[in-house]
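A quick write-up on the structure given underneath.
These numbers come from the heavy atoms of this one structure, side chains and all, not from hydrogens, waters or symmetry mates. Each chain gets a letter, A, B and so on, in the order the sequences are listed, and its residues count up from 1. Just so it is clear, the model here is predicted, and its values are computed rather than measured.
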2 protein chains.
Amino acid sequence: MAGRESFLRLSLRPGTHSGAWRRALHGCVVAGLVTVTGIAGIGPVLAGDPAAGKAKSRPCITCHGKDGIGTSPIFPNLAGQKSMYLMQQLRAFRDGRRPSEVMGVIVRTLSDKDIEDLAAYYESLDPAGARPE
Amino acid sequence: MAGRESFLRLSLRPGTHSGAWRRALHGCVVAGLVTVTGIAGIGPVLAGDPAAGKAKSRPCITCHGKDGIGTSPIFPNLAGQKSMYLMQQLRAFRDGRRPSEVMGVIVRTLSDKDIEDLAAYYESLDPAGARPE
């Protein structure tokens, strides 16, 4: 944790970094604050329902597996992945900020609630790939 | 496998889908072919060296953990992730195809060999997060 704290302190000192590094460090500061507020219980409440997510995950199975393990070397494993990261990425695919012809089409009709449920479901799966019942 | 085969057959029938869906299905067909050629041993040889990747992973630890488990809710776990997916994403960050202020800066100086080594290292880690020695 000492490393992270000094990293955050470093990033808050203005004028010591190039623009690109400053932007990168700013991203890390935002991430750190998200973590801190999340731990303190004042962050956004994650309302995802794993059971609802499971029901909504049928279109994902072809590529990401029934157990959340990718069915090809280029399809990522999702089992046990952090739900907040998954939500962030699903929204980015949907909104075009993470360009992907495949994912962009598949997620374009998802609501925020669908995304929360799917993220909660995949986070709940065994990262080693034990098959859910 | 039957599902995947019918999915591929479906995608090869021309004129039955909208442009967006056709592009998405085309992506899946390409992915399927990568899988098939990989299984048949005629795909690209993965030359990544996990030991070299471990040595190169120091800048990744702050966010992705010593054990490949993200240190914040928005930093993804990398432990046990498929190396081909990791290589693809690292190249996409480096080349700007996956826009990210944080990752774009961090990976911009990586060579293809660095990316192969890092991907092999993270794939070799326990997805449940057992700490490497």
In terms of heavy-atom contacts, B:K82 and A:P73 come closest through CB-O, 3.6 Å
For the CD1 atom of A:I69 and the CD atom of B:Q81, what is their distance to the nearest 0.5 Å?
8.0 Å
Hey, what do you get for CD1 (A:I74) to CE (B:M87), rounding to the nearest 0.5 Å?
11.0 Å
Going by heavy atoms in the side chains, are A:P99 and B:R97 under 4.5 Å from each other?
no
If you tally heavy-atom pairs under 4.5 Å against chain B, which of A:G70, A:P76, A:A128 wins?
A:P76
